[in-house]
Amino acid sequence: MEAAAPEFGTSLSHVSMFLLLKAFSSGCSALTGVEAVSNAIPNFKQPAEKNAAGTLLLMGCILGAMFIGITLLAFGYGVKPDPKATVISQIAEATFGRGTMYFIIQGVTALILFLAANTAYSAFPLLSFMMAKDKYMPHAFMVRGDRLGFSNGIIFLSVMSALLVVGFKGNTESLIPLYAVGVFIPFTLSQLGMMIRWIKVKPSGWQMKLLVNTVGMLTTLSITLIFIFTKFTQTWVIFIFLPLVVYVFMRIHRHYCNIADELRIDIQVDKPAKKGNTIVIPVAGITRVVMNTISYAQTMSDHVVALYIGFDDEAIRKMEQKWEEWNPGVRLVVIKSRYRSIMGPLKKFIDTVEWKTAETDHITVLIPQFITKHWWQNVLHNQTSFMIRAYLINYKDVIVTTVPYHLNR
């Protein structure tokens, strides 16, 4: 038996204000998405602001017409909630039956939903680009990929979306309220920001603009509060997530500002200091790798020192003897490590050299390293050079450079 449409003016029972507010807030969450136009303003042709405003107005008209049409059709056909069929499906079936037109409408609806899901991938990368430009997000979000899209923003959004889906087990009843609160809080803040701007700048006709933004701010604030009170068990996490995100943004901004202050120079006063270069080469023996590194070092400076860290007297004696016979024109400094440690003695030696030459020379550590022909061959060798570089890279006022020697077999 088909459901009959109620007459206009029929009184409804068991409908509380709470239920009406809940339905109102849920309906408002379904209207989100058009705000993506504001994030895409840089992509519009000039005048970008007017073109974006026209697009937003057109989208609003289309959305309003479709929403009103679907509401009237649902009322006329007596459509009611059905866990096995959407409202669009019920209206299409009631209008055209289960024929070709019904399946065309279902297919078009699926395409529209797919396009709607893609909105975030066109809006978030642009938003992250603008925030990165203002130093509130990592500069990596400003990088364009080979297809001129903001690839890092797309990848980040994909990963975070997947984590949300997994964390909430794909339950839309839990995700939609969280999404709605996350959307309407920025709406409220943006409207409030425009109100403050009109009050401060006061351009021509600012009173009407202030009135529009005030109404918008109060509306979105009301929707936000309704969502929070009616679905607090599903939206409480936003009160932890938003302050945390704001804190992270502020720390990122402070970091970039601090770096800018430290790197900024006065081009009229600050000039490069002319200093020499003392080069330290850690060596483990006499090989072609060491010879290649010494040859390169001698092209850079006359102050080159080779450093050998030995673990026993016999190894030290043999090294000193071979070095004297080879005589590469570079002084060898030998340090005995009682605890078979390389990093400790190396650090102490660099401290000594830096203390003696800090005013006159830069300190450069050239690390000899052979590169195997095949990647898997690296597993067969110790990675002392990588350890030294990782240890010294954060060492203040010391330049660390690797001199590669490529093996042929």
Side-chain angles (χ1 to χ4, degrees), residues 259 262 272-409:
I259 286 182
E262 287 198 40
K274 297 181 180 179
K275 299 173 68 174
N277 192 6
T278 297
I279 299 177
V280 178
I281 305 175
V283 298
I286 299 176
T287 63
R288 290 188 178 275
V289 187
V290 173
M291 182 176 67
N292 178 63
T293 304
I294 291 176
S295 176
Y296 174 70
Q298 289 175 330
T299 64
M300 299 171 61
S301 173
D302 294 330
H303 305 285
V304 181
V305 178
L307 175 64
Y308 175 75
I309 300 174
F311 301 140
D312 57 74
D313 295 333
E314 181 64 19
I316 292 174
R317 186 187 64 79
K318 290 182 178 180
M319 182 64 182
E320 289 179 330
Q321 182 179 353
K322 289 183 178 180
W323 193 272
E324 185 177 355
E325 294 176 359
W326 185 36
N327 190 20
V330 171
R331 183 165 65 96
L332 176 68
V333 176
V334 177
I335 298 178
K336 183 178 180 181
S337 177
R338 297 181 179 180
Y339 303 102
R340 308 183 70 83
S341 171
I342 295 177
M343 302 304 175
L346 177 61
K347 181 179 179 298
K348 289 181 180 179
F349 180 76
I350 292 175
D351 287 339
T352 303
V353 175
E354 186 178 14
W355 176 75
K356 290 182 178 180
T357 63
E359 297 296 328
T360 58
D361 284 3
H362 296 288
I363 307 298
T364 301
V365 178
L366 288 186
I367 303 176
Q369 180 181 349
F370 61 83
I371 309 298
T372 58
K373 186 176 182 180
H374 304 286
W375 64 268
W376 57 268
Q377 295 172 336
N378 286 320
V379 182
L380 306 177
H381 304 278
N382 62 49
Q383 306 298 325
T384 306
S385 59
F386 290 104
M387 294 171 57
I388 294 175
R389 185 168 64 251
Y391 180 79
L392 295 178
I393 197 68
N394 293 319
Y395 205 85
K396 188 178 180 181
D397 298 329
V398 173
I399 303 166
V400 182
T401 303
T402 299
V403 182
Y405 182 85
H406 293 269
L407 301 176
N408 297 320
R409 290 181 291 177

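Worth saying up front: this structure is predicted, and the values here are computed from it rather than measured.
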>> Applying side-chain contact (heavy atoms from CB on, under 4.5 Å) to L407 and I371, what does each step give before you reach the verdict?
In response: CA-CA 6 Å; L407 301 176; I371 309 298; over 6 Å; no

> Under 6.0 Å from the OH atom of Y296, do we count more than 12 heavy atoms belonging to anything else shown?
Replying inline: no

> Between OG of S337 and NZ of K348, what distance do you get to the nearest 0.5 Å?
Replying inline: 9.0 Å

>> Looking at D312 and K336, is any side-chain nitrogen of the basic one under 4.0 Å from a carboxylate oxygen of the acidic one?
In response: no

>> Working to the nearest 0.5 angstrom, can you tell me the gap between L392 CG and I367 CD1?
In response: 6.0 Å

> Are side-chain heavy atoms of Y405 and R288 found at a separation under 4.5 Å?
Replying inline: yes

>> Could you work out, with salt bridge (Lys or Arg N to Asp or Glu O under 4.0 Å) as the rule, every residue matching K275, not counting sequence neighbours?
In response: none

> Is I281 close to V305 at the side-chain level, that is, under 4.5 Å between some pair of heavy atoms?
Replying inline: no

> With sequence neighbours left out, what residues match R317 under salt bridge (Lys or Arg N to Asp or Glu O under 4.0 Å)?
Replying inline: E314

> Looking only at side chains, do S301 and N277 share a donor and an acceptor under 3.5 Å apart?
Replying inline: no

> When rounded to the nearest 0.5 angstrom, what distance separates NE2 in H362 from CD1 in I279?
Replying inline: 11.5 Å

>> To the closest 0.5 Å, what do you measure between CD (Q321) and CD1 (I316)?
In response: 14.0 Å

> In Å, rounded to the nearest 0.5 Å, how long is the span from CE of M319 to CG of L332?
Replying inline: 5.5 Å

>> Counting neighbours of CE on M387 that are heavy atoms of other residues, nucleotides or ligands and sit closer than 6.0 Å, is the number greater than 12?
In response: no

> To the nearest 0.5 Å, how far apart are CD1 in I388 and CD1 in I342?
Replying inline: 6.0 Å

